[in-house]
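Worksheet: one structure, shown below.
Because the structure is predicted, anything quoted here is derived from the model rather than measured.
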Amino acid sequence: MNVQVSTAHRFVFDPAPQPTLPVRGTDLLFPIHRIYCVGRNYAEHAIEMGHDPNREPPFFFQKNPDTIVPDGGTFPYPSATKDVHHEMEMVVAIGKDGIDIPLDKALDHVFGYAVGLDMTRRDLQGEAKKLGRPWEVGKAFEASAPCGEIVRASEIGHPAKGAVWLDVNGVRKQTGDLDQLIWKVPEMISYLSGLFELKAGDLIYSGTPAGVNAVKSGDTMVGGVDGVGTITIKVG
Ligand code: MN
């Protein structure tokens, strides 16, 4: 007699693995849902990119969750560019779903924080800007989102001040402070949750301070956010 096996839960090929990040002080993994990034969130970086540093509504773009590279990993020099830049950022890790989250409840949705790099093919991003095209080719490419381990907010609280810095081959390239963020963490969560359904597992790259610059194969990037952690990534 033929045994009929239900096909309802079978895949035509193995699904891609769930992207994750380790959670400091635990043996648990944080499963990544989406990656949002805030643009131009430090005045001096807005100025270095040729924009008005005044407070305009925040804007966001996304990266793909499978572009994460863990601390200690290698960022392979990407294809189709001659100008790939580092952008050192604090990353907010969302732990609770929400839509239209009010400002005074926003921090309840934070699981923790991390330090990350919003790697950018600046030449392709520049072309896209000029032509009014989307930014994906400049921003959402393979390995473009290195991120360190997640530190629980229950351990460190909600940092609103602290140096944001990046060294390349031991030379300081980027410096800023979380207190210079144009849009603060509760504001970015509240605003973003009016545009998208925020989900546990979402990461928000909060924007980069001034000093973005090109890297080349063989470089070592070491960056950090004081009070959160550090990340070391080699350029392949
Ligand atoms: Mn960025």
Side-chain angles (χ1 to χ4, degrees), residues 34-63 67 78 81-92 103 106 110 113-141 144-147 158-168 171-196 202-215 221 223-228 231 233:
R34 290 182 185 165
I35 302 176
Y36 297 97
C37 304
V38 189
R40 280 171 226 148
N41 207 14
Y42 288 81
E44 294 200 352
H45 174 62
I47 292 166
E48 78 178 345
M49 298 303 290
H51 296 282
D52 186 339
N54 289 320
R55 194 168 145 110
E56 297 167 348
F59 73 93
F60 300 90
F61 56 89
Q62 283 178 276
K63 291 187 183 240
T67 58
T81 183
K82 290 186 166 60
D83 194 27
V84 68
H85 280 205
H86 52 72
E87 294 192 359
M88 185 66 211
E89 314 200 357
M90 182 174 77
V91 178
V92 184
L103 266 181
V110 176
Y113 297 88
V115 299
L117 282 156
D118 166 16
M119 299 304 295
T120 302
R121 290 195 284 213
R122 193 70 73 201
D123 40 3
L124 298 191
Q125 184 202 23
E127 251 171 63
K129 281 183 185 173
K130 207 160 48 190
L131 298 170
R133 288 183 180 159
W135 284 12
E136 276 85 353
V137 295
K139 287 290 195 179
F141 56 95
S144 61
C147 192
H158 297 279
K161 199 173 166 20
V164 182
W165 52 271
L166 179 84
D167 294 348
V168 177
V171 179
R172 184 63 40 104
K173 295 287 185 182
Q174 289 196 260
T175 46
D177 195 289
L178 293 177
D179 66 8
Q180 299 162 348
L181 280 169
I182 296 172
W183 292 93
K184 308 297 181 194
V185 172
E187 293 172 318
M188 55 182 99
I189 290 171
S190 179
Y191 193 91
L192 191 57
S193 72
L195 294 167
F196 299 94
D202 288 343
L203 298 177
I204 306 171
Y205 282 59
S206 59
T208 196
V212 300
N213 228 310
V215 291
M221 301 180 283
V225 177
D226 290 359
V228 178
I231 186 171
I233 296 286

List the steps, then state whether side chain to side chain contact (heavy atoms under 4.5 Å, CB included) holds for Tyr42 with Val164. CA-CA 11 Å; Tyr42 288 81; Val164 182; 3.7 Å; yes

TODO: Evaluate the criterion side chain to side chain contact (heavy atoms under 4.5 Å, CB included) for residue pair Val215 and Met119; output intermediate values, then yes/no.
DONE: CA-CA 10 Å; Val215 291; Met119 299 304 295; 4.0 Å; yes

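- For the pair Ile233/His86, no side-chain contact is recorded, criterion being any heavy-atom separation below 4.5 Å from C-beta on.
- Pairing each heavy atom of Ile182 with each of Arg40, the nearest pair is CD1-O, 3.8 Å.
- Aromatic pair Trp135/Phe59: ring centres closer than 6.0 Å.
- The main-chain N or O of Asn213 is never found under 3.5 Å from a side-chain atom of Lys173 such that the two would form a donor-acceptor pair.
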Given the rule in the side chain to side chain contact (heavy atoms under 4.5 Å, CB included) test, do Leu178 and Tyr113 qualify, once you have shown the distances and angles that lead to the verdict? CA-CA 12 Å; Leu178 293 177; Tyr113 297 88; over 6 Å; no

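- Within the 3.5 Å criterion, the main-chain N or O of Pro209 finds a donor-acceptor partner in the side chain of Gln174.
- Residues Val38 and Tyr191 are not in side-chain contact: their nearest non-hydrogen atoms beyond the backbone lie 4.5 Å or more apart.
- In terms of heavy-atom proximity, Leu166 sits nearest to Met221 at CD1-CB, 4.1 Å.
- The structure places NE2 of His85 at 8.0 Å from CG of Asp123, a figure rounded to the nearest 0.5 Å.
- Under a 3.5 Å cut-off, the side chain of Trp183 and the backbone N or O of Glu56 do form a donor-acceptor pair.
- To the nearest 0.5 angstrom, Phe141 atom CZ is 5.5 Å from Lys63 atom NZ.
- Side-chain atoms of Arg122 and Glu87, non-hydrogen and from C-beta on, do get closer than 4.5 Å to each other.
- Counting all heavy atoms, side chain and backbone alike, Ala210 lies closest to Glu44 at CB-CB, 3.7 Å.
- Judged by distance alone, with hydrogens and angles left aside, the side-chain atoms of Thr208 form a donor-acceptor pair with the main-chain N or O of Met88 at under 3.5 Å.
- A side-chain donor-acceptor contact under 3.5 Å links Asp202 to the backbone of Arg34.
- Of the inter-residue distances, the one linking Cys147 atom SG with Glu89 atom CD reads 10.5 Å to the nearest 0.5 angstrom.
- Residues Val84 and Pro78 share a closest heavy-atom pair of CG2-CG, 3.9 Å.
- Counting all heavy atoms, side chain and backbone alike, Ala128 lies closest to Pro134 at CB-O, 3.3 Å.
- Annotation: side chain of Phe61 is not in contact with side chain of Gln125 (no heavy-atom distance under 4.5 Å).
- Inter-residue side-chain proximity for Pro58 and Glu187 is flagged as unmet; no heavy-atom pair is nearer than 4.5 Å.
- We find the CG-CZ distance between Leu192 and Phe60 to be 4.5 Å, quoted to the nearest 0.5 Å.
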| message | One pair to check against side chain to side chain contact (heavy atoms under 4.5 Å, CB included): Asn41 and Met188. What are the steps and the verdict? | response | CA-CA 10 Å; Asn41 207 14; Met188 55 182 99; 3.5 Å; yes

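- Side-chain atoms of Thr81 come within 3.5 Å of backbone atoms of Asp83 as a donor-acceptor pair (strictly under, hydrogens ignored).
- A distance-only check finds a donor-acceptor pair linking the side chain of Ser193 to the backbone of Ile189 [under 3.5 Å].
- The shortest side-chain heavy-atom distance between Thr120 and Val212 does not fall under the 4.5 Å cut-off.
- Side-chain contact between Val228 and Pro159 is present, with at least one heavy-atom pair separated by less than 4.5 Å.
- Considering Ile35, Thr67, Leu124, Asp118 in turn, Asp118 is the only one that fulfils the side-chain contact (heavy atoms from CB on, under 4.5 Å) rule with Lys139.
- Listed for the Arg133 side chain is no donor-acceptor partner under 3.5 Å among the backbone atoms of Glu127.
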